[in-house]
Peer 1: 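What follows is a structure written as structure tokens; I'll ask about it next.
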Amino acid sequence: MKSFEYVRPTTVREAVAAASEPGSAYLAAGSNLLDLMKGGVVAPDRLVDITHLTGLDRIETLANGSVRIGALVRNAELAHDAHFASHFPAVAEALLSGATAQLRNAATVGGNLLQRTRCGYFYDAASACNKRVAGAGCDARGGDNRLHAVLGWSENCIATHPSDFCVPLVAFDTVVEVEGRAGKRDIPLDQLHCLPADAPERDTVLERGDMIVAIRLPAAADRFAPHSRYLKVRERTSYAFAVVSAAAALRLDAGRILEARVALGGVALKPWRAREAELLLAGNQADAALFHRAATAALVDAKPSGDNGFKIELARRIIVRALSLAASGTPARVAALPASAFASGVTHHV
Amino acid sequence: MSESPPTSPMPHIRHGSNIGQPLTRRDGILKVTGAARYAADNHPNGLAYAVLALSSIARGRVAFLDVQAAKSHPGVVEVITPANRPALAEDPDAKTNPFMFKLDLLQSDRVRYANQPIAVVVAETLEAATEGAALLAPKYEVEDPIVALDAGESFVPPSVGVGNPSEIYKGDVAKKLAAAANRLDVTYETPPQYHNPMEPHAIVAAWDGDMLSIDTPSQALAMAQGRLAGLFGISPDNIHIRSPFLGGGFGSKGFISGPQVLGVIAARMVGRPVKLVLRREQMFGPVGHRAPTRQTIRMGTDAQGKLTAIAHHTRTQSSTFDDFFEPASDASHTLYASPAISTSHDAVRVDTGTPLFMRAPGEATGSIALESAIDEMANACGMDPLTFRLANYADVEPISGKPFSSKALRECYTRGAERFGWAGRPLRTGQMRDRDGLLVGWGMGTATFPALMFQANAKATLRRDGQGMMEIGAHDMGQGAWTALAQIAADALALDMEAIAFRSGTSDLPDAGIAGGSAHTATAGMAIHNAGAAVIAALADLATSDAKSPLFGAGNGGVIARGGCLYARNDESRNESFADILSRAGRDEISAQGQSAADPSAQETYAMHSHGAVFAEVKVDPDLGQIRTTRVVGAFAAGRIINPRMVESQLLGGMIWGVSFALHEQAHMDRRSGRIINANLGEYYIPVNADVPSVEAITVEEVDSHVNALGIKGVGEIGITGTAGAIANAVWHATGIRVRKFPITLDQLITG
Ligand SMILES: Cc1cc2nc3c(=O)[nH]c(=O)nc-3n(C[C@H](O)[C@H](O)[C@H](O)COP(=O)(O)OP(=O)(O)OC[C@H]3O[C@@H](n4cnc5c(N)ncnc54)[C@H](O)[C@@H]3O)c2cc1C
Ligand code: SF4
């Protein structure tokens, strides 16, 4: 393994200063970063270990009612926080559907947002990948791309963002708090990740040295709690990334939708907010026909990037299902198989 | 405080015999406490670490390696490439017998598959060796690789599997098909699968002059010893291999692999002990895999649903430089009666490593296709799949016409069906839903695996202190050989388990043959049994010819051994303990050897197979296509069961692999580069616990007096067969969609 410098700052300020040096990377739990380093996919000169910073591991409700989650809160810790889970059940469900118990115990909130794509060619240092090496080409095009993007992709990159957590977060207008060389700023999560267009080497809008210190869920988001779900289709029952996933949340009044939130995972290089679907849903009576129209609207721009046309149909179906699940109400507790088609009560009665 | 009584592990209750008892693994505590020392756990003094550099292209030439950069990295001790690799006594590309496979030992700069070893870097630390290997930054002359099943010229291999004929014809298939009342003509595909036991291949090798000492996992110690002796030009007696525990083998450790030999070469070159452990992604290439197949099955039946013809053709692949042909069509030899049967294979050569034996080679691939086709045929006849199988039950082996040495398959069908609750299964598809609205489907498959036997030797010793010892270079791959064979040994020596020492797992012990072909318990067990009988006979000789013994004159056939004593058969009051016999004779101990081998006359007369019937339930989301195996029940007849606990876990493991075969496992190979894109256990899917919530294996009593004196058949591989097809059939029964490309993935259901 290439030798690298390891620093352990004690304040966010020090951390940002250290990470502002070229070739630096923040190290959180390392469940993604260290794998990438071992595979030769990334080769930082310096790791800035932020896991010893204090104050970034808190889940707090701010005066304005929004919920602020520190970047170092572990995925499992957040999902099992009873207060949080009752206000944002779809987020808890999404977290618990990701990876394995061991990984969730380690993985951090910040790391989850910034985990890299799982495109096999990105991981395979011998393949051409524009994301890994700008301008190198994209071997996923015309290659093994059954699970690649159907929305927002470009000829330069057809990868997807793999996070489950981000999908409901983006639906709820989550804001990312960043501390950088020029101080603090907020970035809406929806604007954090970049679509590949012509610079696929760029994952996010973050600049060198930028550190995620927290995320904030707006106070208004918890009004969806009674009707919000996350559903994830995968190729085995657990411990697999989403083929396609969806978060759906509704505010209902006697069967009429006041407001809707819909987002898709596994379809694009960012968590995909389906605003067309949301607009179509709002103000209407919640029923299957409406859900189908919304699903169709969400995928109008979708096109296969390879052998993955099925994902478009699958995405429509999962939206319909997630919406009907949300309409029928959030279950009292997260199922033993979170977000799974095999969690009891997830399929329709026929 | 809770008042519940303290629980203790179940005591070993025995009823006269050690064989048949569900003893827990004798090495269980060592394993769960981490005290069991696997190959890579060894750290001899002065150890250096070797790391392989593997080719990233599948075909071409290594044009340049930056040896200088690697050598200058701090800690790097040596860089081994074709330019400086010491000469070997034998060409790694020589093939002097069909059971010998060519190895990539840096014999040239040619690259013939992706992940082929192209250099070895040895360093003071693993990290330095790893970085040294990365610094080699190879440059290649790349040629376009060929990896597809259609690529290149196909040919009919001279033989498939281990010397099986590649084509067999019985009766006139074409005529029978033309005349059939119901016909089927379908093609199935199975994917490449790569060996990934929990423990990757690992070796710690140390030379002392011409003596070689090795820690490495092996399923065939004597063969490994012989192969190394040939390559290094030394006597096999100079090579000592320790392989007390394997973290799984499944065929991948049957032959010593190229990477392991490279560890030995590295140790010789640097004059220090060297450790070499494959990284997970390095498992995808140089240590064998299951080749993909495309199988076309044609069947015909008469109006009553009796098969009149089966034609099973397999297209498979081997490497460009060596021969192993997955004998998938052979699955159709033994299971279903039909007046006309043809099995055939052809192959293409591709730029991959040489495919090798992987758990149930041929049987697994062939079974999923055959059992799917049988299901399709049953449906075409409008018959229940079990009724159809019973209607076509083979009372004699269909092609050879031999009677079976034993075959309790009917009982397997009955017991399995009962336990599963098969009765009442709707004939049509898509009829069952659970209360959540998920589609439910039931499918079944027949399991079969040949009862093989190889050759082995064992040495039995009885000592004056009343203790016994059995020595045999057997292999505990995790399957529990250390326990089951010790049970046989205790019975063979007429002693309690506690009174015997069982030595195995090293190459200086008598050759136990290969732990493969599901034949290890039979092969090693029979050698143990015979060694025990021989030492008891020798002891009886001592007693019956000694005028001072109560057994004097009782005659050899006239004594029985039990609990450390010999008894006169016709008068048990005449008896004497082993210890007393030896003391009086002034002997510290008495030893004898035993051998085992298949009985050629029995093999000539009988067809010998294990059988089973597997029933599976799947649930499928009607809209999203996601599939889950909710229940699997297998009933197996496999001769005498030495240790029911070990056997159950073998069968369960096999059945879970069957689930994997049907729904999960496949290497995604990029057609253009020949590289595997999911070479890691995160994305090379195998079932997790949630995928196999209920798997049950039951064994059906079967007495077989022909396979061997102990009546042992094998259980190691059969579990995959039958199961994979049962799941595929259940998916069809749930959805009405017949997926013929395995594994069955949800996209095939969405677009099906
Ligand atoms: C086998 C496997 C299966 C998985 N399955 C799933 C799944 O099903 N669903 C899913 O959603 N995820 C899955 N994951 C991904 C997992 O969620 C991520 O690896 C994890 O969330 C990353 O968190 P971390 O703390 O380990 O981040 P690290 O690996 O430490 O960091 C990840 C990246 O984020 C950067 N970073 C970390 N923290 C900060 C910060 N505060 N500010 C700025 N940059 C930062 C790092 O520099 C690095 O680039 C899986 C991972 C593995 C290994
Ligand atoms: S899809 Fe994107 S990440 Fe994958 S190979 Fe192409 S450029 Fe790289």
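These figures come from a predicted structure and were not determined experimentally. Below, read A as the first sequence line, B as the second, and so on, with proteins coming before strands; counting in each chain starts at 1.
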Peer 1: Relative to chain A, which segment of B:N678 carries a heavy atom at a distance below 4.5 Å: side chain, backbone, both, or neither?
Peer 2: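 Interface part for B:N678: neither.
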Peer 1: Check whether B:R671 gets within reach of chain A through its side chain, its backbone, both or neither, counting any heavy atom under 4.5 Å.
Peer 2: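 Neither; nothing under 4.5 Å.
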Peer 1: Highest number of heavy-atom pairs under 4.5 Å with chain A: which of B:E281, B:H668, B:K619?
Peer 2: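 The answer is B:H668.
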Peer 1: With respect to chain B, which residue among A:E235, A:E313, A:K311 yields the maximal number of heavy-atom pairs within a distance under 4.5 Å?
Peer 2: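 When all of A:E235, A:E313, A:K311 are compared, A:E235 has the most.
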Peer 1: Given heavy-atom pairs under 4.5 angstrom as the criterion, report whether the side chain, backbone, both or neither of B:E683 touches chain A.
Peer 2: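 For B:E683, side-chain heavy atoms alone lie under 4.5 Å from chain A.
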Peer 1: Does any backbone or side-chain atom of A:A240 lie under 4.5 Å from a heavy atom of chain B? Answer side chain, backbone, both or neither.
Peer 2: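 Both parts, backbone and side chain.
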Peer 1: Which one of B:T629, B:I676, B:I686, B:L663 has the most heavy-atom pairs closer than 4.5 Å to chain A?
Peer 2: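 Of B:T629, B:I676, B:I686, B:L663, B:I686 has the most heavy-atom pairs under 4.5 Å with chain A.
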Peer 1: Is it true that a side-chain atom of A:W153 and a backbone atom of A:T160 form a donor plus acceptor pair closer than 3.5 Å?
Peer 2: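 No, the answer is negative, given that no donor and acceptor are paired below the 3.5 Å cut-off.
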Peer 1: Between the side chains of A:Y121 and B:D670, is a donor N or O closer than 3.5 angstrom to an acceptor N or O?
Peer 2: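 Result is yes, a qualifying pair exists.
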Peer 1: Is the backbone N or O of A:S127 less than 3.5 Å from a side-chain atom of A:D139, with the two atoms forming a donor-acceptor pair by type?
Peer 2: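 Looks like no, no N/O pair under 3.5 Å.
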Peer 1: Does any heavy atom of chain A fall under 4.5 Å from the side chain of B:L439, the backbone, both, or neither of them?
Peer 2: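 Interface part for B:L439: neither.
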Peer 1: Give a yes or no answer on whether the side chain of B:S55 reaches the backbone of B:I57 with a donor-acceptor pair at less than 3.5 Å.
Peer 2: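 Yes, the answer is positive, given that a donor and an acceptor are paired below the 3.5 Å cut-off.
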Peer 1: Taking the side chain from B:D351 and the backbone from B:I146, do they hold a donor-acceptor pair closer than 3.5 Å?
Peer 2: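 Flag set: sc B:D351 to bb B:I146 pair under 3.5 Å.
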Peer 1: By a 4.5 Å heavy-atom criterion (distance strictly below it), what part of A:L337 contacts chain B: side chain, backbone, both, or neither?
Peer 2: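 Contact with chain B involves the side chain of A:L337 alone.
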Peer 1: Examine whether an atom of A:Y123 lies under 4.5 Å from a heavy atom of chain B, and if so say whether it belongs to the side chain, the backbone or both; otherwise answer neither.
Peer 2: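 Neither part.
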Peer 1: For B:R280, look at atom CZ and say whether over 12 heavy atoms of other residues, nucleotides or ligands are found less than 6.0 Å away.
Peer 2: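 Yes, enclosed.
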Peer 1: Examine whether an atom of A:R146 lies under 4.5 Å from a heavy atom of chain B, and if so say whether it belongs to the side chain, the backbone or both; otherwise answer neither.
Peer 2: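 Side chain only.
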Peer 1: Find the one option among B:A690, B:S56, B:A133 whose heavy-atom pairs under 4.5 Å with chain A are most numerous.
Peer 2: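 With the most close heavy-atom pairs to chain A, the winner is B:A690.
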Peer 1: Tell me whether B:E131 contacts the main-chain N or O of B:H73 through its side chain, where contact means a donor paired with an acceptor under 3.5 Å.
Peer 2: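 Judged by distance alone, no pair lies under 3.5 Å.
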Peer 1: Name the residue from A:V334, A:T330, A:L231 that meets the side-chain contact (heavy atoms from CB on, under 4.5 Å) definition with A:E93.
Peer 2: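 One option only clears the test, and that one is A:V334.
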